[in-house]
Each structure stands twice: as structure tokens, then as C-alpha cells.
Asks: 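There's a structure below that I have some questions on.
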Amino acid sequence: MMKYISTRGNAPELTFEEVLLTGLAADGGLYVPKDVPHFTQDEIASWQDLPYAALAHKIIYPFVEGCIDDKALQQMIDDVYGSFGHKAVAPLQQIDHNEYVLELFHGPTLAFKDFALQLLGRLLDYVLKRRNEKVVIMGATSGDTGSAAIEGTKACDNVDIFILHPHGKVSEVQRRQMTTVQGSNIYNIAIEGNFDQAQDMVKASFGDQAFLRGERKLVAVNSINWARIMAQIVYYFYSSLNIGGPLRPMAYSVPTGNFGDIFAGYMARKMGLPIEQLIIATNSNDVLHRLMSKNQYEVRPLKHTITPSMDIAVSSNFERLLFDLYDRDGAALADLMTKMNARDDIVSLDEERLARARELFDSLAVDERTTVDTMQEVYEETGYLLDPHTAIGVRAARDCRRNTGIPMITLGTAHPVKFEDAVKRAGFRLPPLPHHLTDLMEREERYEVMPADLKTIQQFIADKTFGGE
Ligand SMILES: *Cc1c(COP(=O)(O)O)cnc(C)c1O
């Protein structure tokens with residue numbers, strides 16, 4: 001059975017089931033697999049003709065073995081990916097010779113987060129039913145995570161989900177994707193404040209869960225949850241196998257915020273998939289680009305951009321990479337993270353360790369002007385409209401590419417229809433909603449508007465979750 005350990009080396013080892021139900025480790029670290037499963041080239045090559053769901057089972061099963069039954073897992077995977085809006089699940093779109101966009105936006109909420117959160121919902125339901133427990137999911141969102149989490153858990157009997165969004169500050173499509181989902185376990189709260197205030201209230205609630213009076217536990221659905229990373233490893237294998245892997249190596253460019261999606265690519269490589277280059281593509285919230293290019297780690301205030309899903313000040317999952325770069329020395333990492341989180345100084349990494357990361361990773365920060373220009377550039381070349389997050393990935397793919405003989409795949413993280421501002425700024429008309437959402441603008445909405453006050457929010461959650469309401 002796979003065991004999971006904390007990056008800071010001072011928390012109990014957990015099983016998959018326990019990791020699924022835990023946020024941060026008790027020592028403040030993040031959980032990672034103790035031993036990473038490894039596949040031979042022959043084994044990977046033998047999966048060349050597998051459809052997405054069958055391949056997903058091969059990749060995911062070793063991580064959950066002993067906790068989730070083999071057949072139950074296949075059933076969940078078939079349910080999840082069988083309901084996507086494209087039969088290939090994660091189709092490749094060619095945009096130039098040897099250059100591709102991997103379309104990860106055919107799930108119910110039109111962003112890649114569906115790949116993980118749809119499965120996470122099923123996994124939670126399975127585990128909680130067996131344990132006869134109920135949990136509360138609480139999250140703050142500026143868009144994509146909230147809708148994907150709600151869609152993923154709407155059918156979970158043992159989960160109540162509370163998603164906070166800043167009132168009037170998410171696009172109409174994004175708001176409606178959250179507020180029109182039917183389900184007596186779903187609560188949308190529009191906060192009279194900004195995203196940071198919403199996030200602070202969620203963090204405070206995780207830190208002190210007394211308001212739940214011990215009857216329930218909070219579960220995290222952001223990418224510190226290992227189960228999310230796990231599900232995202234699959235599409236690296238799938239895309240590679242579709243264009244000649246594992247015999248040919250691949251390069252990937254990944255629009256990055258919290259470093260979850262690109263970390264899944266790093267995992268795929270550790271598991272045996274030949275990947276030559278991983279490009280960290282950021283917007284002007286460029287903390288990782290500054291670290292990679294100048295070896296200076298300095299947290300700066302959040303900037304709000306036309307790529308809101310990448311607006312982060314700190315990339316939590318980077319700690320998982322640092323853990324490997326520091327040879328899985330939890331004590332050393334705990335020290336380093338204390339310095340990095342103190343934020344009163346610019347922190348540098350050990351040069352040799354950074355050099356090792358640079359063998360695989362490159363990085364680029366892309367400003368709004370260049371993002372919009374890249375949307376126009378690709379449209380003029382191919383007639384294909386990129387969403388602004390994906391455009392940042394394509395820009396970085398083109399500027400940082402090391403070897404044009406190796407296929408370059410940019411992860412297409414969202415559908416452009418979700419980002420009206422950017423699409424209009426680039427001078428395009430908003431594309432039509434995909435078929436399963438054509439009536440989105442007519443559906444009935446349900447949400448509560450509340451002040452940005454922690455006590456009020458916590459009281460609301462307590463009222464809704466006690467006494468079998
Ligand atoms: C969440 C998100 C990202 C960033 O992914 P991370 O795993 O946080 O790095 C990029 N693009 C879109 C559209 C997203 O929703």
C-alpha cells in the first residue's frame with residue numbers, strides 16, 4: 001500500500017484515504033508519495049492504444065491501491081471521463097509543425113480543474129460512505145476552482161460544500177457556472193469584499209475549526225490535496241502516447257499559478273515518461289520566474305490580471321519540487337520554508353540545487369499586452385482562439401523552446417468563453433457556449449450575499465450543517 005510523507009519530515013505517514021481527507025500536514029508541509037511508482041518504456045509503449053479512461057486507471061491505481069477497490073476505481077474513472085464533452089477527453093490541437101495545444105477544457109466547467117475535481121468528488125463519496133462520515137468543503141474562488149469543485153461534489157451525499165466568491169467580481173459565465181448547479185448540499189456565498197478577504201476567511205476557518213463543534217471536518221479542494229495532482233498526471237501520458245511517445249521525448253509548457261498542474265508533469269517524468277523540458281509560464285505574478293531566472297525568492301503583493309486563474313502571490317506546490325531538490329531532507333526543507341514564508345528578506349536557493357532544476361525547467365513571465373498579442377498571433381496563423389491562460393503558455397513555449405525537433409505541447413487550461421474581458425481586449429467576439437451549457441444564461445441562480453465577516457460566515461455554515469438540514 002502506498003504511503004504518503006510530509007515535505008517537512010515531521011508529520012505521520014498517511015495512507016491515500018487519509019491524505020484525501022487532509023489538507024496541510026500537521027508540520028505545515030504537503031503530502032507526497034513515499035515511493036513514486038515507475039513504469040518501464042515497454043510498459044508505457046504497450047498503452048499506446050488505450051482510450052483515456054483505461055490509461056487513467058493504469059496511472060492512478062498504484063497511488064490508491066489498498067484504499068480504493070480496483071473495479072470501483074475503474075467505475076469512477078469511466079463515469080467522470082465518459083461525461084466529458086469530447087470523446088477523446090483530452091484532444092490535441094496542432095497549431096504549428098511539431099507544436100500542439102492539449103485541450104483540457106472539455107469537462108463540465110470548461111477548465112482543466114475538472115479532470116481532478118470530478119474524480120475527487122467520487123473518491124470522497126466512496127471513502128466517506130465506507131467510513132460513515134460527513135465533511136464540509138470550504139473554498140474561496142476567483143472563478144475556476146469554485147465551479148469545478150461544486151460540479152465535482154454536487155452528487156456527494158456526505159459532503160456539504162461552501163464556496164465564497166467576491167460579489168460582483170467574477171465574470172457572469174463563471175458566477176453562473178457556480179450558482180446554477182442544483183443540489184441541497186451546495187452553498188454559494190457572495191462576499192461583499194475581494195478575493196483576498198474571502199481566502200483569508202477560508203484560511204482562518206481551516207486554522208481553527210471550533211465553529212464546526214467537532215461534528216465535522218473541513219476538507220481542502222485546492223491543489224495542496226494530493227488527489228488533484230494524481231489525476232493530472234494522466235494527461236501527460238495520454239498526450240505523449242498520442243504523438244509517438246514514449247519513443248520520442250516531449251516538451252510541455254504549462255500556464256502556472258499554484259504549480260499543481262506542472263508538478264503533475266514533473267511526476268509523469270519521474271514515473272518514466274520521457275519529458276525533456278517543462279516550461280513554467282506565469283503572468284505578471286511572477287514569483288517563480290524571478291526565482292528560476294535570478295535565484296531570488298521574494299513574495300510581492302498580488303496583481304489582478306486578465307488571467308485571474310493564475311493570479312497568486314505564492315505557489316504552494318513548489319514546495320513539493322523543492323523537497324526533491326533538497327534530496328527529500330524534511331528538516332532542511334522545513335528550515336528553507338520558514339525563511340521563504342517569513343517574507344522579510346529575499347531568499348536564494350543553493351546554486352547547485354537550482355542548477356539541477358534548470359536542467360528540466362525553464363520559465364517566462366508574460367504581461368497582459370503580450371498575452372493579448374499572442375491570442376491574435378495564433379488566431380491569424382490558424383483561426384484558433386486561445387483562452388488568455390493558454391496564450392501565456394503558448395508564448396512561453398515559443399520563446400523558451402530548446403529543440404524544435406521535439407514536439408512542444410502547451411496545456412490548454414481553459415475555454416476562451418470563460419474569459420470575456422481578455423477575449424474582447426484581443427478584439428474577438430465571445431465564442432458560443434459549448435452545447436451542454438447553451439442555456440446557462442437562463443438557468444435559475446442561487447446564492448447568498450454576505451458581509452466579509454468571519455463570524456457571520458461561520459455561523460451560516462454551522463447552521464446549515466448541524467441537525468441534518
Ligand atoms: C488553475 C488554473 C491555472 C493554474 O494552475 P496551477 O495548477 O494552479 O498552476 C491555469 N489556468 C487555468 C485556466 C486555471 O484554471
Side-chain angles (χ1 to χ4, degrees), residues 30 101-118 120 139-152 165 170-171 173-174 177-178 195 199 220-233 235-236 252-268 278-289 292 302 305-321 361 363-366 371 375 386-397 410-423:
L30 301 182
V101 169
L102 178 62
E103 294 187 342
L104 300 175
F105 47 74
H106 295 286
T109 73
L110 314 179
F112 82 87
K113 292 187 171 70
D114 288 326
F115 277 82
L117 285 164
Q118 284 286 310
L120 185 85
T141 191
S142 51
D144 289 341
T145 304
S147 56
I150 288 171
E151 276 289 345
H165 72 265
V170 298
S171 78
V173 168
Q174 290 203 314
Q177 283 188 308
M178 297 191 277
F195 170 71
Q199 185 150 48
V221 288
N222 55 11
S223 53
I224 63 170
N225 193 314
W226 170 259
R228 277 189 58 180
I229 308 279
M230 171 185 86
Q232 292 167 204
I233 299 168
Y235 44 70
Y236 287 90
Y252 288 87
S253 175
V254 186
T256 293
N258 233 338
F259 205 75
D261 214 5
I262 194 167
F263 187 76
Y266 169 81
M267 283 296 300
L278 285 170
I279 301 172
I280 305 166
T282 75
N283 63 23
S284 43
N285 292 287
D286 58 351
V287 61
L288 288 180
H289 175 58
M292 293 303 294
L302 190 78
T305 71
I306 53 169
T307 44
S309 302
M310 291 156 66
D311 288 346
I312 49 89
V314 174
S315 301
S316 335
N317 282 293
F318 195 69
E319 179 168 347
R320 289 186 158 122
L321 177 67
F361 289 95
S363 67
L364 188 71
V366 179
T371 305
M375 291 169 75
L386 299 171
D387 106 279
H389 304 79
T390 308
I392 287 177
V394 168
R395 181 77 272 138
T410 295
L411 301 199
T413 50
H415 191 290
V417 75
K418 295 187 82 167
F419 300 100
E420 185 170 356
D421 284 355
V423 168

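Atoms considered below: every heavy atom in the structure, side chains included; atoms not considered: hydrogens, waters and symmetry mates. Read the numbers this way: they start at 1 and go in the same order the structure lists the ligands and their atoms. Bear in mind that the values here come from a model prediction, so they are computed numbers and not experimental data.
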Asks: Heavy-atom pairs closer than 4.0 Å: do any link ligand 1 to the side chain of Asp144, the backbone, both, or neither?
Replies: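 It is the side chain that gets close, since no backbone atom is under 4.0 Å.
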Asks: Pick, from Gln232, Lys113, His415, the option with the minimum heavy-atom distance to atom 15 (O) of ligand 1.
Replies: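 Among Gln232, Lys113, His415, the closest heavy atom to atom 15 (O) of ligand 1 comes from Lys113.
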Asks: Determine whether a donor-acceptor pair (N or O, by modelled atom type, separation under 3.5 Å) exists between the side chain of Tyr266 and the backbone of Leu321.
Replies: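 No, because the side chain of Tyr266 does not come within donor-acceptor range (under 3.5 Å) of the backbone of Leu321.
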Asks: Look at atom 8 (O) of ligand 1 and find which of Leu104, Asn258, Asn317, Thr256 reaches it with the closest heavy atom.
Replies: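 Going through Leu104, Asn258, Asn317, Thr256 one by one, Asn258 has the nearest heavy atom to atom 8 (O) of ligand 1.
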Asks: Just to be sure I read this right, does ligand 1 sit under 4.0 Å from the backbone of Phe112, its side chain, both, or neither, counting only heavy atoms?
Replies: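 Phe112 to ligand 1: side-chain contact only, backbone stays beyond 4.0 Å.
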Asks: Can a side-chain donor-acceptor contact be found between Tyr235 and Asp261 if the only test is distance below 3.5 angstrom?
Replies: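 Per modelled atom types, Asp261 and Tyr235 side chains form a pair under 3.5 Å.
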Asks: Suppose I only count heavy atoms of Thr413 and a 4.0 Å limit; which atoms of ligand 1 are within that range?
Replies: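 What qualifies from ligand 1 is 10 (C), 11 (N), 12 (C), 13 (C).
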Asks: Give a yes or no on whether the backbone of Gly260 and the side-chain of Asn258 come within a donor-acceptor separation of less than 3.5 Å.
Replies: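 Not confirmed, Asn258 side chain does not pair with Gly260 backbone.
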Asks: Run the contact test for Ser223 against ligand 1 with a 4.0 Å cut-off on heavy atoms, strictly below, and give the result.
Replies: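 Ser223: no contact with ligand 1 (<4.0 Å).
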Asks: Under 3.5 Å, side chain of Arg228 to main-chain N/O of Val221, donor-acceptor pair present?
Replies: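 Yes, the answer is positive, given that a donor and an acceptor are paired below the 3.5 Å cut-off.
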Asks: Determine yes or no for a side-chain-to-main-chain donor-acceptor pair under 3.5 angstrom, with Asn285 supplying the side chain and Asp311 the backbone.
Replies: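 No, Asn285 side chain to Asp311 backbone: no donor-acceptor pair under 3.5 Å.
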Asks: Judged by atom type as modelled, is there a donor-acceptor pair below 3.5 Å linking the side chain of Asp144 to the main-chain atoms of Ala111?
Replies: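 Between the backbone of Ala111 and the side chain of Asp144 there is no qualifying donor-acceptor contact (under 3.5 Å).
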Asks: Whether the side chain of Lys113 engages the backbone of Ser147 through a donor-acceptor N/O pair (distance < 3.5 Å, no angle test) should be reported.
Replies: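 Here the side-chain-to-backbone pair does not exist.
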Asks: Check whether Thr307 reaches the backbone of Thr305 with its side chain - one donor and one acceptor, N or O, closer than 3.5 Å.
Replies: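 Checked: no pair found.
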Asks: Can you name the atoms of ligand 1, numbered from 1 with element, that are less than 4.0 Å from a heavy atom of Gly260?
Replies: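 So the atoms of ligand 1 that pass are 6 (P), 7 (O), 9 (O).
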Asks: Going by the atom numbers of ligand 1, which of them fall below 4.0 Å from some non-hydrogen atom of Asp261?
Replies: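 Answer for ligand 1: 7 (O).
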Asks: Counting both backbone and side chain atoms, is some N or O of Phe259 under 3.5 Å from an N or O of ligand 1?
Replies: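 Yes; the residue has a nitrogen or oxygen that sits under 3.5 Å from a nitrogen or oxygen of the ligand.
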Asks: For ligand 1, which atoms, with element, lie under 4.0 Å from some heavy atom of Ala414?
Replies: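 Here the atoms of ligand 1 in question are 13 (C).
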Asks: For ligand 1, is there an N or O atom under 3.5 Å from any N or O atom of Met310?
Replies: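 Met310 vs ligand 1: no N/O contact under 3.5 Å.
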Asks: Backbone or side chain, does any N or O of Gly257 fall under 3.5 Å from an N or O of ligand 1?
Replies: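 Yes, at least one N or O pair falls under 3.5 Å.
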